[in-house]
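Letters go in sequence order (proteins before strands), and every chain restarts at 1.
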Amino acid sequence: MRYSRLFPKTLRAVPKGVTSPGYRLLYRGGFIRNLGRGLFSFPPLGVRVLHRLEAIIRAEMNALGGQEALAPVVNPIEIWQRSGRHHLVDSDMVTFKDRLGRDLVLATTHEEAMVEMVRTGMHSYRDLPVFLYQFQEKYRNEERTRNGLIRSREFIMKDGYSFHRSFSDLNNFFPKVFRAYQRIFAVCGLDVIAAEAGVGYMGGEKSFEFLAPSSVGDDYVIVCDKCGYAANREVAVGVNNTRLTRSGRPREMKKIHTPGCDNMARLAERLELPRSALAKTMVFSSGGDLIMAVVRADFDVSVEKLARVIGTSMLRRARPEELTERGLCPGFVSPLNLNGEAVVVVDRLAADTSNLVYGANVDGAHYVDVNFGRDFDADAVGDIARADPDAECVHCGGPLVERRAIELGNIFRLGTVYSEAMELVVNDEHGRPIYPYMGSYGIGMGRLIAAIVDAHHDDDGIIWPVSVAPFHVYIMSIGKSFAVKDAAEGIALDFGDEALYDDRHESIGTKFKDFLLLGIPFRIIVSVATASDGTVELFDRRNGETEKVSVGSVRSHVEARLEGYRSWRSN
RNA sequence: CGGGAUGUGGCCUAGUGGCUAAGGCGCCUGCUUUGGGAGCAGGAGAUCGCCGGUUCGAAUCCGGCCAUCCCGACCA
């Protein structure tokens with residue numbers, strides 16, 4: 001490829017909104033462009049990287065028996081109604097009508113569409129297992145986009161869906177996907193943490209996330225460096241250390257006036273008490289029901305844990321109107337003096353702590369010295385709080401730490417949630433109907449690119465791992481000599497599609513800078529100085545070393561070096 | 001959702017009530033230049049985000065809208 005023909009060229013500066021280092025480098029190099037909030041274009045250079053990643057993933061998926069398929073981005077709303085996930089229309093999913101007035105949605109994921117595709121060709125247990133995957137657009141109406149490709153609205157995902165005749169067959173397959181994912185990220189030069197994660201709106205029972213630690217990440221993972229325990233912040237469990245316990249003889253409950261204390265910070269300040277002496281009550285909505293979650297105010301509610309306790313996958317925070325409609329007073333909500341307005345779930349630590357401060361369900365009043373079991377009761381008590389960052393590991397007692405990370409992939413054991421909801425049925429060997437067990441497996445392609453650049457760059461530019469670099473070599477010549485230019489062009493031809501030949505009439509400095517920015521593994525320079533003895537200069541972006549190589553052997557030399565890097569990476 | 005900020009040639013910025021909106025980068029033309037984002041000369045490119053208001057006069061003041069970025073958040 002001649003650089004003079006490649007679109008686009010590098011930029012020295014980037015638009016104002018382009019902030020994080022990785023985003024800047026990708027933008028300056030010409031790998032990505034921004035079309036609007038959370039919407040990205042991939043110019044040819046970016047597509048080349050994307051294709052490398054696809055090839056790596058495709059090889060691993062095919063090795064698992066996966067078959068590539070493709071489902072449409074636009075879905076009829078009916079399939080989402082059948083799976084029961086049409087509530088996403090309110091939040092994540094965009095809906096619109098076609099010219100006949102029928103409701104369509106932009107798919108946020110493709111369980112529904114894949115189940116429908118499979119339905120048309122699967123009738124017997126003999127057709128199982130089936131593993132389909134695709135590289136497809138998703139659109140999610142993100143409330144907050146961030147850091148370029150790290151959190152965008154439209155993005156490309158590799159998503160795979162497996163169908164099994166039994167739970168044990170799914171359980172047998174699942175770890176194979178797990179290991180394939182680890183290989184994929186290793187080949188991409190990423191150190192990832194595989195963490196236990198919530199199921200969110202996917203449903204199912206168990207999921208793992210693959211996260212790349214990064215300061216620009218948007219997720220938090222709690223890890224134990226001693227035994228390797230790792231879990232998403234929402235589901236992590238820890239042993240609370242002793243400073244967290246708070247007990248004492250129950251005192252008599254009293255009502256006090258607390259005007260204006262409609263949040264925990266003000267209440268703590270007013271009463272001159274630590275947050276651990278206060279109870280925090282948050283209200284969620286599930287279906288038409290209100291769920292009241294009580295935790296101690298020095299903790300946060302984990303929506304994931306709460307959802308598990310009450311057995312639902314549809315939880316969202318209740319709106320203030322929903323509270324007032326049922327006679328609850330925002331800012332002073334509590335489980336005291338309720339008349340069945342809400343389902344009450346109390347966190348175990350809050351239940352075990354005596355003499356806490358609770359709201360009074362009227363404006364400007366709280367109760368002090370409230371004791372669970374004596375002054376109020378709950379529909380359920382359980383672990384619904386996020387793990388305290390200072391907690392100790394449940395498994396080994398080691399210290400837990402919270403890390404920021406980019407979530408690159410997620411694998412779910414869905415079970416029969418979708419096959420049952422959508423009536424995907426096959427006959428077993430006795431002629432009885434069975435619902436196939438499903439798994440679903442995603443990788444965010446844009447995030448993968450962002451994470452790779454975040455992990456592999458220096459002040460001058462990107463340093464692509466050889467497995468994903470858009471080109472293997474960058475070739476340039478110095479001087480006006482036609483012989484030198486011909487030699488450079490000859491080498492470029494020899495490398496074929498793997499060479500980026502900089503034939504522009506730019507100064508030497510510009511070409512050097514652009515090479516460093518683009519992150520191509522090797523640079524070959526042909527000049528009068530080297531041409532006289534039939535050699536070229538070979539520069540390794542990775543270690544900064546330069547060597548003289550004969551023109552005739554440069555290609556095999558580079559390929560050997562690339563191979564060396566590849567095998568070193570996969571170890 | 002909440003808070004903060006910003007919108008001026010393709011990009012970055014200056015201009016905060018008064019003459020023809022200024023500069024840098026990039027782009028185009030010519031000459032020169034080839035081992036670290038070159039030099040000289042010339043040139044093109046802007047309804048100052050949009051709508052309305054105040055004023056003799058608005059990029060500048062006021063109001064509304066739109067767009068973008070940053071921070072925070074299931075913490076009532």
Min side-chain heavy-atom separation A:Asp300-A:Val295 under 4.5 Å: no

Note to self: Assess whether a salt bridge exists between A:Arg348 and A:Asp383, defined as any Lys/Arg side-chain N lying under 4.0 Å from an Asp/Glu carboxylate O.
What the structure shows: no

Report task. Indicate yes or no: does A:Lys548 engage A:Glu537 in a salt bridge with an N to O separation below 4.0 Å. Result -> no

Watson-Crick or G-U wobble mate for [N], both contacts under 3.5 Å:
N      : value
B:rC61 : B:rG53
B:rA67 : B:rU6
B:rC40 : B:rG30

[atom1] of [X] versus [atom2] of [N]: gap in Å, rounded?
X        : N      : atom1 : atom2 : answer
A:Lys480 : B:rU33 : NZ    : C1'   : 7 Å
A:Met292 : B:rC74 : CE    : C1'   : 15 Å
A:Asn263 : B:rA73 : CG    : P     : 14 Å
A:Ile150 : B:rC69 : CD1   : C1'   : 16 Å
A:Arg37  : B:rU6  : CZ    : P     : 18 Å
A:Asn34  : B:rC69 : CG    : C1'   : 10 Å
A:Asp502 : B:rG35 : CG    : P     : 15 Å

Taken to the nearest 0.5 Å, the spacing of A:His456 NE2 from A:Leu25 CG works out to 13.5 Å

**Request:** Using a 4.0 Å heavy-atom cut-off across all strands, classify A:Asp363 as base, sugar-phosphate, or nothing.
**Result:** nothing

Query raised in the report: Looking for any heavy atom pair under 4.0 Å, which part of the strands does A:Leu323 touch: base, sugar-phosphate only, or nothing?
Result: base

Does [N] have OP1 or OP2 sitting under 4.0 Å from an N or O in the side chain of [X]?
X        : N      : result
A:Arg146 : B:rC69 : no
A:Arg28  : B:rG37 : no
A:Arg12  : B:rG26 : yes
A:Ser507 : B:rA38 : yes

Is the base of [N] touched by the side chain of [X] through a donor-acceptor pair closer than 3.5 angstrom?
X        : N      : result
A:Ser527 : B:rG35 : yes
A:Glu537 : B:rG35 : yes
A:Arg504 : B:rG37 : no

Correct closest heavy-atom pair for A:Phe376 and A:Pro335 would be CE1-CG, 3.4 Å

- prompt: Between A:Phe539 and A:Arg523, is there a cation-pi geometry (under 6.0 Å to ring centre, at most 45° from the normal)?
  reply: yes

Is it true that the NZ or CZ of A:Arg233 lies under 6.0 Å from the centre of A:Tyr220's six-membered ring and within 45 degrees of the ring axis? yes

| said: Distance check, C1' atoms only: B:rG53 and B:rU6, in whole angstrom units. | reply: 23 Å

Heavy-atom nearest nucleotide on RNA chain B taken for A:Thr510 and for A:Arg386; more 5' hit belongs to A:Thr510

The single option from A:Tyr27, A:Phe40, A:Phe42 that satisfies side-chain contact (heavy atoms from CB on, under 4.5 Å) with A:Arg33 is A:Tyr27

Between the protein and nucleotides 7-15 of chain B, list the N/O to N/O atom pairs that are separated by less than 3.5 angstrom.
unit_1	atom_1	unit_2	atom_2	d
B:rC12	OP1	A:Lys16	N	2.7

